[in-house]
Every structure is written in C-alpha cells, then in structure tokens.
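Numbered from 1 within each chain, the chains take letters A, B, ... in sequence-line order.
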Number of protein chains: 2
Amino acid sequence: MSTKRSTWQKVAVRQALEESNGFASAQEIFQMIISTGLKLGLTTVYRALTELVESGDVDALASEDGETKYRFCSNDHHHHLICRQCGETVEFDLAGFEAATSELAAKHGFTSVTHSIELFGICEKCGVAS
Amino acid sequence: MSTKRSTWQKVAVRQALEESNGFASAQEIFQMIISTGLKLGLTTVYRALTELVESGDVDALASEDGETKYRFCSNDHHHHLICRQCGETVEFDLAGFEAATSELAAKHGFTSVTHSIELFGICEKCGVAS
DNA sequence: CTATCTGCAAAGTCTTTGCACTTTT
DNA sequence: AAAAGTGCAAAGACTTTGCAGATAG
C-alpha cells in the first residue's frame, strides 16, 4: 500500500503555499521555491500539490487565465473576493447562502453537492491607479 | 476600423451555444457543429467565441477541468447546478444573493465585480444508478 | 533493503498565432 | 476589389506521464 513519505520538497511546497496567503498556482509556487536557491522540478510541485489536494488539506480552483490555483481548505467554509489586478484577496462568509444552496440542490434531487463561489473585481488601490 | 462581418460560421457557433443551454466549452461547441455535418475549424470557433465575449453577449468562465466554458450573459443573471456525472444542468436564480455580493464588494472597496457561482453534484438519475 | 519519490524529457490538452486563401460587402 | 474572415499547421502555456536514478523508513 501507499505510505506517503515526507521529503523536503513536499515541505517546501506546503510552506510556499502558506506564505502566499494560501492562494497560488503551481507555477508561482515553483518560482517561489527556486528563487530561494533551492532546486526542484516543476513535476514535483505538481505531484506535491496533487497529494495535498487528495489529502483534503488543499483545494484546487481553476482561475480565469487557465492556471489552476491552490489554496488551503479551512473547515469553516468561506469564499474569496479577489482583485483581478493585484491579486489581493478578502475572505468572506455568506450567512444563509450555504443553507440556500443545499435546499436548492435537494429540491432538484441532487446529492453530494459542492459549490464554487468566487467574486472577482478591482480593489480600491488598483481602481484609483487606473 | 474593424467592421464585423456576419458569416455562417459565427451564426453556427452562436446557435450551438444557445442549444447547449448557454453553457459549453469551445471544444464542445466545435463537436456539436461538425457532428451536424458542417465543416469548420476549431480556430474559428475560438475566434467567434472571443468576438462574442468582446461584444458582451457572452461570458467566459474557467471550469475545473481546465477548459474555458462560455455562456450567454443574460440580464436576469442566473447560475447552474450541474451533475458531475451526466452533465445535466439546472438553472437557478438566487434571490437576494446578487444584492448581498454587491454590498459585500462595496464594503471592501471593490468595483467592477463579477461573480462565479456554480454548484456541482450528482443528480437523481445518476445517484440511483451508482 | 525496497517501496516510494524525484526530475528530466517527452507527450497530451486547450488555446493562440502566422499566413495564404476565401468570402462578405 | 478590398477588408475581414477562415482554416491549416505550427507554436505556446500548463499539466501529466514514463522511466532511471536517488532517498526515506
């Protein structure tokens, strides 16, 4: 059976994701790590992220530019408001929304429902700059 | 200046997107069209979709599997509940949610905010089958 | 020691671009 | 006829896979 091993590469990936405020693409994480002088393959980053996703610690999300973004999954389910320009992220919680979606899904006979809610906009700083 | 011309290819793309209930990827649209016997290039589909997006009629959204999904931007903004297994889609409207998101965005100083809300689950038929 | 992991290079997707040809206007 | 559009093939970006060598336990 598969007993996962701990390697410095996996640790580095996890740390990089933490430092990025828990929201980064594989490519970004790769750059972060090698820019510190450490050397590892891009392949390893993808594999480490896949492992984190499978373990449930991390969540994968497709972004608008074709990259997959990764972030930590907190237990208290929250969503993000993301600046399209600078990437600044605000977490938020939507009271009542979780319940509304579950109800809606049930009404249509759907089960095992997950939801993806992300808001994209221009934050205050970037709005002024333009 | 660029005056857009009307071609049967663009019409076909628009129609295919309409027939797919306004939620499909470029690849899917391409398949839909050629399966009717018409012949056109994948390139053209991408270009037609890009034009629709630029004109504001259509909205592009990154999906979890790396493809970009396209859908019509209706004024009465609605969302989708999609079966992970068979792809069946139910449209829904979330009273109050639109207002809640706008308010939230404003509170954080964000402007030009768009949102992406999709629910993924297993529909009744597929749930029984498994 | 040995199952697992790493990393290179090659392959696979989806999407975009260059360029000659066709079509709308 | 001329500007715009089409389609092929090649290129690009992100991600996955195969395999030999390295490593954790």
Side-chain angles (χ1 to χ4, degrees), chain A residues 1-17 20 23-55 57-71 82 84 87 118, chain B residues 1-17 20 23-55 57-71 82 87 116 118:
Chain A
M1 61 178 274
S2 299
T3 40
K4 301 297 182 190
R5 285 179 186 171
S6 171
T7 62
W8 67 262
Q9 286 97 331
K10 292 182 187 175
V11 173
V13 168
R14 179 171 216 124
Q15 284 192 345
L17 186 52
S20 71
F23 198 73
S25 69
Q27 307 276 346
E28 287 164 353
I29 288 173
F30 175 63
Q31 292 302 331
M32 276 189 228
I33 296 174
I34 61 174
S35 71
T36 69
L38 295 172
K39 279 189 306 187
L40 85 173
L42 184 51
T43 311
T44 306
V45 174
Y46 279 107
R47 282 197 277 235
L49 287 170
T50 301
E51 194 180 311
L52 287 169
V53 170
E54 283 169 354
S55 76
D57 286 355
V58 166
D59 199 19
L61 165 70
S63 82
E64 297 181 335
D65 57 0
E67 281 184 322
T68 300
K69 297 275 196 172
Y70 298 85
R71 70 174 165 210
I82 304 161
R84 258 191 289 271
E118 304 298 333
Chain B
M1 62 177 275
S2 300
T3 40
K4 300 297 180 189
R5 288 178 184 171
S6 171
T7 62
W8 66 262
Q9 287 97 332
K10 291 182 186 174
V11 173
V13 168
R14 179 171 215 122
Q15 285 191 342
L17 186 51
S20 71
F23 197 73
S25 69
Q27 308 276 347
E28 286 163 354
I29 289 174
F30 175 64
Q31 292 302 330
M32 276 190 228
I33 297 174
I34 61 174
S35 70
T36 69
L38 295 172
K39 279 188 306 186
L40 84 172
L42 183 51
T43 310
T44 304
V45 174
Y46 278 107
R47 282 197 276 235
L49 287 170
T50 301
E51 194 180 310
L52 286 169
V53 170
E54 282 169 353
S55 77
D57 286 355
V58 165
D59 198 18
L61 166 69
S63 82
E64 298 181 336
D65 57 0
E67 280 184 323
T68 299
K69 296 275 195 171
Y70 297 86
R71 68 172 167 208
I82 303 162
S116 151
E118 304 299 333

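- Between the CD1 atom in B:I33 and the NZ atom in B:K39 there is a gap of 14.5 Å [rounded to 0.5 Å].
- Across residues 30-45 of chain B, B:K39, B:L40, B:G41, B:T43, B:T44 each have a non-hydrogen atom less than 4.0 Å from an atom of DNA chain D (numbered order).
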N/O-N/O pairs, protein side and nucleotides 23-25 of chain C side, under 3.5 Å:
from: C:dT24; atom 1: O2; to: B:R5; atom 2: NH1; distance (Å): 3.1
from: C:dT24; atom 1: O2; to: B:R5; atom 2: NH2; distance (Å): 3.4

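- Taking CZ from A:F30 and CG from A:L40, the interatomic distance works out to 6.0 Å, rounded to the nearest 0.5 Å.
- Taking atom CD on A:Q27 and atom P on D:dC14, their separation rounds to 5 Å, with Å as the unit.
- When all heavy atoms of B:M32 and B:S20 are compared, the closest pair comes out as CE-CB, 3.3 Å.
- Taking NZ from A:K10 and CG from A:L49, the interatomic distance works out to 12.0 Å, rounded to the nearest 0.5 Å.
- The two residues A:S63 and A:K69 have their closest heavy-atom pair at CB-CG, 3.7 Å.
- Between B:Y70 atom OH and C:dC14 atom C1' the separation is 10 Å, expressed in whole Å.
- For A:L52 and C:dC5, the CG to P distance is 13 Å, given to the nearest whole Å.
- Between the CZ atom of B:R71 and the CG atom of B:L52 there is a distance of 14.5 Å, given to the nearest 0.5 Å.
- Residue B:R14 contributes atom CZ, which lies 17 Å from atom C1' of D:dG5 at whole-angstrom precision.
- Atom P of nucleotide C:dT15 and atom NZ of B:K69 are separated by 10 Å, given to the nearest angstrom.
- Residue B:D65 contributes atom CG, which lies 10 Å from atom C1' of C:dT13 at whole-angstrom precision.
- To the nearest 0.5 angstrom, B:E28 atom CD is 10.5 Å from B:L17 atom CG.
- At a threshold of 4.0 angstrom between heavy atoms, the contacts of A:T68 are confined to the sugar-phosphate backbone, with no base atom among them.
- The side chain of B:Y46 contributes an N or O atom lying less than 4.0 Å from OP1 or OP2 of C:dT15.
- Listed nucleotides C:dT6, D:dT15, C:dT15 differ in distance to A:K10; the shortest reach to its side chain belongs to C:dT6.
- Note on A:Q9: only backbone sugar-phosphate atoms sit closer than 4.0 angstrom, heavy atoms only; bases stay farther off.
- Considering only heavy atoms from C-beta on, B:W8 comes within 4.5 Å of B:L38 through its side chain.
- Of the listed nucleotides (C:dC8, C:dT15, D:dT6), C:dC8 has the atom at the smallest distance from the side chain of A:R47.
- Atoms CD and OH, from A:Q27 and A:Y46 in turn, are 4.0 Å apart once rounded to the nearest 0.5 Å.
- Regarding A:E28, its CD atom lies at a distance of 13 Å from the C1' atom of D:dC14, rounded to whole Å.
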